[in-house]
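One-based numbering, in listed order, for ligands and for the atoms of each.
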Amino acid sequence: TDRYAVIGNPISHSQSPFIHQEFARALGQDISYEKLFAELGAFRPQVEAFVAAGGKGLNITLPFKGDAFRFAQEVTERARAAEAVNTLTFRDGKVYGDNTDGVGLVRDIVENLDYPIAGQRVLILGAGGAVRGVLEPILQQKPASLTIANRTVIKAEALAHHFARYGKVEAVGYDALAGRSFDIIINATSTSLSNEMPPLPHGVFTARTLAYDMVYSSGLTPFLQRAQGENAGMLADGLGMLVEQAAESFSIWRGIQPDTRKVTNMLREVLA
Ligand code: ATR
């Protein structure tokens with residue numbers, strides 16, 4: 001049995017063990033997958049103990065994705081761009097880091113929701129780690145334009161500058177969105193967690209806009225309620241992204257791509 005885990009603080013709410021165990025069951029893979037709690041500042045010793053005990057790979061969640069990036073000896077381009085790692089692989093005495101969040105989001109939008117990103121006007125709300133983690137894979141899709149709106153505009157500007165080598169990124173405050181509309185609007189702020197929403201002007205959603213909240217919840221988040229009220233064409237939460245990023249991690253570790261649809265449907269029922 002090969003041993004895997006997800007490490008974070010807090011960690012009790014994590015659905016990752018359920019997802020990975022279902023992938024393994026469907027594919028006949030002999031793995032175990034547990035939750036690891038680490039005190040703030042104790043990421044490194046926890047991970048070292050896990051590796052010493054024979055651990056093969058880790059998923060990393062808040063607030064340790066930056067620590068995992070620094071812990072990795074080799075990282076992929078998308079992890080380097082994000083300066084964050086959510087997947088560590090321990091192989092032949094080396095530590096490999098990758099970030100599957102962005103590809104998880106892109107696959108959920110392009111494949112599951114069947115909504116192209118290429119050629120579309122994309123708006124991302126927020127400028128924290130959640131945004132940094134997904135920008136490179138979104139730019140790889142060649143959107144017509146990519147705009148980052150944030151309450152603190154200077155943070156959006158810093159991200160736009162950091163990612164300029166991967167494609168053109170515009171940074172604005174929320175006020176500057178008045179009179180504009182977008183094909184895909186992704187809420188990557190932390191507002192849904194406190195039942196709030198970003199201060200979006202009216203009119204940014206159209207009848208063909210995909211409104212996507214990276215947070216998942218049983219009911220509609222305030223952002224999605226607002227999108228629905230403005231007749232946005234499609235609404236989605238982040239459950240599909242959660243399962244897709246897990247599938248990509250699983251495939252990095254096991255060399256086989258799991259089927260995600262069934263697990264997403266199961267989780268949807270569990271969380272309802
Ligand atoms: P994460 O790593 O999850 O992205 P973060 O780095 O704390 O978390 O970023 C939270 C994001 O939500 C930020 O973009 C923040 O905006 P500021 O940079 O201006 O703080 C955004 N955010 C949080 N509460 C908000 C609110 N009430 N209205 C608008 N944006 C909000």
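Listed by number with element, the atoms of ligand 1 under 4.0 Å from a non-hydrogen atom of A127 are 14 (O). Close approach to E196 involves these atoms of ligand 1, each under 4.0 Å from a residue heavy atom: 27 (N). Close approach of ligand 1 to G126 (heavy-atom distance below 4.0 Å) involves ligand atoms 14 (O). The S190 neighbourhood of ligand 1 comprises atoms 10 (C), 11 (C), 12 (O), 23 (C), with distances under 4.0 Å to a heavy atom of that residue. Within ligand 1, the atoms closer than 4.0 Å to a non-hydrogen atom of A130 are 1 (P), 2 (O), 4 (O), numbered from 1 in the order shown. In summary, the atoms of ligand 1 found under 4.0 Å from a heavy atom of K155, numbered by their order in the structure, are 17 (P), 18 (O).
Scanning the protein for heavy atoms near atom 14 (O) of ligand 1, the closest one is N150 OD1, 2.7 Å. Of the protein's heavy atoms, R151 NH2, 2.9 Å lies nearest to atom 20 (O) of ligand 1. With respect to atom 2 (O) of ligand 1, the closest heavy atom belonging to the protein is G129 N, 3.0 Å. The protein atom (non-hydrogen) at minimum distance from atom 6 (O) of ligand 1 is G128 CA, 3.3 Å.
Using bins of under 30°, 30° to 60° and over 60° for the plane-to-plane angle, the ring pair W253/H20 lands in the tilted bin.
Between R44 and D67 no salt bridge is recorded (no basic side-chain N to carboxylate O distance below 4.0 Å).
If you look at T189 next to ligand 1, the close heavy atoms, those under 4.0 Å, come from the backbone and the side chain alike. Contacts with ligand 1 closer than 4.0 Å are made by heavy atoms of both the backbone and the side chain of T152.
Atom CD of Q73 has more than 12 neighbouring heavy atoms from other residues, nucleotides or ligands inside a 6.0 Å radius.
Looking only at atom types and distance, the side chain of T100 has a donor-acceptor partner in the side chain of N86 under 3.5 Å away.
A donor-acceptor pair under 3.5 Å links the side-chain atoms of Q225 to the main chain of L220, judged by distance alone.
Taking 4.5 Å as the limit, every side-chain heavy atom of F223 sits out of range of all side-chain heavy atoms of D237.
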